[in-house]
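Throughout, numbering of the chain's residues begins at 1 and tracks the sequence. From a predicted model like this one, the values you see are computed outputs, not experimental measurements.
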Amino acid sequence: MMKRITSFKTLLSMLAMVVMGSTVAVAENKVYISDFSIAAGDEVDIAINFDTDATDIRGIEGTITLPAGLTAGDNATKADDTRAAGLLNNYKGSNGLFKLRGMMSSNVITGTTGAVAYLKVKADASLAATSIIKLSSFKIEHSDGTKEDATTANATVTCTSATPSVNTLVADPTEIGLFAGGEAEFTVSLNNEEAITGLQATLELPLGVTATVTKSDRLTGAIWQYNATTGAIKYWGASALAGNEGAIFTVKLTADDTFTTPAKVTLSNVKLTNSKSQSITVDPIIINIVATVNTNGLQLEINKATKVVDDANAEEAPEALKALKDELEKAKEIFANPVGKVQSEIDAETAALKAAREAYPKAVAKEALDKEIAAATDLLGETATDADPGKALNDAITAAKAVSTNADATVDELKAATENADATVDELKAATEALKAAEEAFNTATGIESVKVDDLTKDGAVYNLNGVHVTNPTKGLYIKNGKKYMVK
């Protein structure tokens, strides 16, 4: 029985500890501002919320840090007379200090959740698209004067700015690539809150660069002017420019051979004039110019090489054609992504593609000449070469071989970009035609006829020059019925 009593007393003791623990446990206290959106130029009231499970809170104190582009007055407005009745409150914008405090123990925050105060905040054009309001070092004070830390939650601020609320100039892009002898352009847009009837600025250019400036349809007033000598840009309208956002003019830059990078273009001394003839100063614009490469020559060579490949016969000089195709693909890859390349690399690839393009027709012409040399040599056979007609054909073969040998050397020279390809191709073709003419003269003098294979095999046996019977003659010299025939 005593054991049961002891157990019962122990149970009561444990229950008492649980009850007491629930009474003295630290309450959950949280201060936060909810996420919100705001447009540049707008004002909104944001709520400072306080959630608690205690009923004796008479003070809150902490720091609220606003992001750049968002400002608030020095005073906060109490939420209402029920939750913050009798409490004094303020907010110091200079240091972000927020205080809400009751003077007597009866002046406590009523309720457990909701807003206790409001801040009126205003956004300007410098507010980022996404920024944060930070809450830090918040403490709450109980009616007995004891204090404890409160948890906090920051707020995410989204700047919408769907409609311009300030007068700003922006350039697109703000960084451009330009090379000596090249061109580039950028567009200047105006986002304006009020009616604008005038604009003036100075366009400052680096050495070796000139500009042309063309207005957009938004500038429809009486005067538009760009002075290339002074860089002065002026617009003066009898009526306000159209719209409140968008492009107003485009600048096209042209660099001469003296231009070097890096450099910059500056639009300075920018002033707007509104419909009340008031002058409005606008921040300057800087466009950075970075080094880039001139790929115009490479693009031209790619176009030429592509046409040669498209017109090529795959059966003619296949190795030279493959070399041209491989070089063309390499050039296309560099042209599509020249990032990280310097001008000397672009120029080297342009020269390599040109060499491959010019080498291909030479290879085709040389292949044709070599085939003709082989046919002529076969035709000549063992015919004496100390007198015509054999001597004439032999001389023609020797001359053709000399041209073919030269062609090999000039192909190598061409790869080093030191040879005129057209002249070499013409020489190869001329040698081929001269050799064909010598063959025809030899055939006429020796009574050899040129026939088709079908004509040669219609009837009678066909033999080669060694007396071997041939069933399917190919290109060359044959004997039928005691006569020589050339199959072309």
Of all pairs that satisfy salt bridge (charged side-chain N to carboxylate O under 4.0 Å, His left out), the ones with a partner from residues 212-230, not counting sequence neighbours: none
Shortest non-hydrogen separation from Ala211 to Leu253 and the atoms involved: CB-CD2, 3.9 Å
Note: Lys330-Asp326 ion pair, threshold 4.0 Å (strictly below): no
Look up atom OG in Ser279 and atom CG in Leu272, then write down how far apart they are to the nearest 0.5 Å. 8.0 Å
Which residues share a side-chain hydrogen bond (donor to acceptor under 3.5 Å, both in side chains) with Glu316, sequence neighbours left out: none
side-chain hydrogen bond (donor to acceptor under 3.5 Å, both in side chains) involving Ser137 - partner list, sequence neighbours excluded: none
Quick check for you: to the nearest 0.5 Å, what is the distance between Ile132 atom CD1 and Leu66 atom CG? 12.0 Å
Test side chain to side chain contact (heavy atoms under 4.5 Å, CB included) on Leu328 and Val308 and set out the steps. CA-CA 11 Å; Leu328 179 58; Val308 172; over 6 Å; no
In residues 258-266, what donor-acceptor pairs under 3.5 Å come from side-chain atoms, sequence neighbours left out?
{"residue": "Thr258", "atom": "OG1", "partner": "Asp256", "partner atom": "OD1", "Å": "2.5"}
{"residue": "Thr258", "atom": "OG1", "partner": "Asp256", "partner atom": "OD2", "Å": "3.4"}

Shortest non-hydrogen contact from Ile38 to Asp42? CD1-O, 3.4 Å
Applying side-chain hydrogen bond (donor to acceptor under 3.5 Å, both in side chains), name anything that partners Tyr32, two or more places apart in sequence or on another chain. Asp51
Intermediate values then yes/no, side chain to side chain contact (heavy atoms under 4.5 Å, CB included), Glu194 and Ile196: CA-CA 6 Å; Glu194 54 195 317; Ile196 300 298; 4.2 Å; yes
Where do Leu353 and Ala305 come nearest, in terms of heavy atoms and distance? CD1-CB, 3.8 Å
Residue pairs involving residues 303-312 (criterion salt bridge (charged side-chain N to carboxylate O under 4.0 Å, His left out); sequence neighbours excluded): Lys307-Asp311
Measuring only between side-chain heavy atoms, which start at C-beta, is Ile373 closer than 4.5 Å to Lys401? yes
Nearest 0.5 Å, please: how far is CG in Leu369 from CD in Glu433? 10.5 Å
Output all residues satisfying side-chain contact (heavy atoms from CB on, under 4.5 Å) with Glu329, sequence neighbours left out; order by chain, then residue number. Lys332
So do the side chains of Ile287 and Val251 get within less than 4.5 Å of each other, counting heavy atoms only? no
Let me confirm one number: the CD1-CD1 distance from Ile176 to Ile289, rounded to the nearest 0.5 Å. 4.5 Å
Any donor and acceptor pair, going by atom type alone, linking the side chain of Asn154 with main-chain N or O of Leu135 inside 3.5 Å? yes
Does Ile46 reach the side chain of Ile133, with side-chain heavy atoms less than 4.5 Å apart? yes
Any Leu298 side-chain heavy atom under 4.5 Å of Val293 side chain: no
Suppose we screen for side-chain hydrogen bond (donor to acceptor under 3.5 Å, both in side chains). Which residues come up paired with Lys271, at least two apart in sequence or across chains? Thr281
Could you pull out all residues at least two apart from Ala232 that satisfy side-chain contact (heavy atoms from CB on, under 4.5 Å)? Asn227, Thr230
May I ask you to test the Tyr226-Phe249 pair for a side-chain heavy-atom distance under 4.5 Å? no
Between Thr187 and Ala247, is there a donor-acceptor pair closer than 3.5 Å when you use the side chain of the first and the backbone of the second? no
Would you give me the side-chain donor-acceptor pairs under 3.5 Å for residues 197-207, sequence neighbours excluded?
{"residue": "Thr197", "atom": "OG1", "partner": "Thr273", "partner atom": "O", "Å": "3.4"}
{"residue": "Thr197", "atom": "OG1", "partner": "Asn274", "partner atom": "O", "Å": "3.4"}
{"residue": "Thr202", "atom": "OG1", "partner": "Asn269", "partner atom": "ND2", "Å": "3.4"}
{"residue": "Glu204", "atom": "OE2", "partner": "Ser268", "partner atom": "OG", "Å": "2.5"}

Provide the full list of salt bridge (charged side-chain N to carboxylate O under 4.0 Å, His left out) pairs with a residue in residues 289-301, sequence neighbours left out, each pair given once. Glu301-Arg357
Quick one, Leu119 with Ile33, criterion side chain to side chain contact (heavy atoms under 4.5 Å, CB included). Give me CA distance, side-chain angles, the key distance, then yes/no. CA-CA 10 Å; Leu119 279 179; Ile33 295 173; 5.5 Å; no
Expected output: side-chain Asp257 to main-chain Ala180 donor-acceptor under 3.5 Å: no
Within a reach of under 6.0 Å around CD of Glu315, are more than 12 heavy atoms found that belong to other residues, nucleotides or ligands? no
Testing the basics here: between Ala240 and Tyr235, what is the closest heavy-atom pair and its distance to 0.1 Å? C-OH, 4.4 Å
Considering all heavy atoms, the nearest Glu327-Ala352 contact: OE2-CB, 3.7 Å
Would you check if Val157 and Thr130 make a side-chain contact, meaning some heavy-atom pair closer than 4.5 Å? no
Does any pair with a residue in residues 170-191 pass salt bridge (charged side-chain N to carboxylate O under 4.0 Å, His left out), and if so which ones, sequence neighbours excluded? Glu183-Lys252
Can you tell me how far the NZ atom of Lys92 sits from the CD1 atom of Ile64, to the nearest 0.5 Å? 14.0 Å
Could you go through Ile286 and Thr174, starting from their C-alpha distance and side-chain angles, then the distance that decides it, and tell me whether this counts as side chain to side chain contact (heavy atoms under 4.5 Å, CB included)? CA-CA 7 Å; Ile286 296 177; Thr174 57; over 6 Å; no
Can you find a heavy atom in the side chain of Pro67 that is under 4.5 Å from one in the side chain of Leu127? yes
Taking the side chain as every heavy atom from C-beta outward, state whether Ile280 and Asn192 have any atom pair closer than 4.5 Å. no
Can you measure from CG (Leu190) to CD1 (Ile248) and round to the nearest 0.5 angstrom? 5.0 Å
I need the minimum non-hydrogen distance between Ala312 and Tyr360, along with the two atoms involved. CB-OH, 3.5 Å
Side chain to side chain donor-acceptor pair (under 3.5 Å) for Asn294 and Gln343? Distances and angles first, verdict last. CA-CA 7 Å; Asn294 182 359; Gln343 193 61 48; 5.6 Å; no
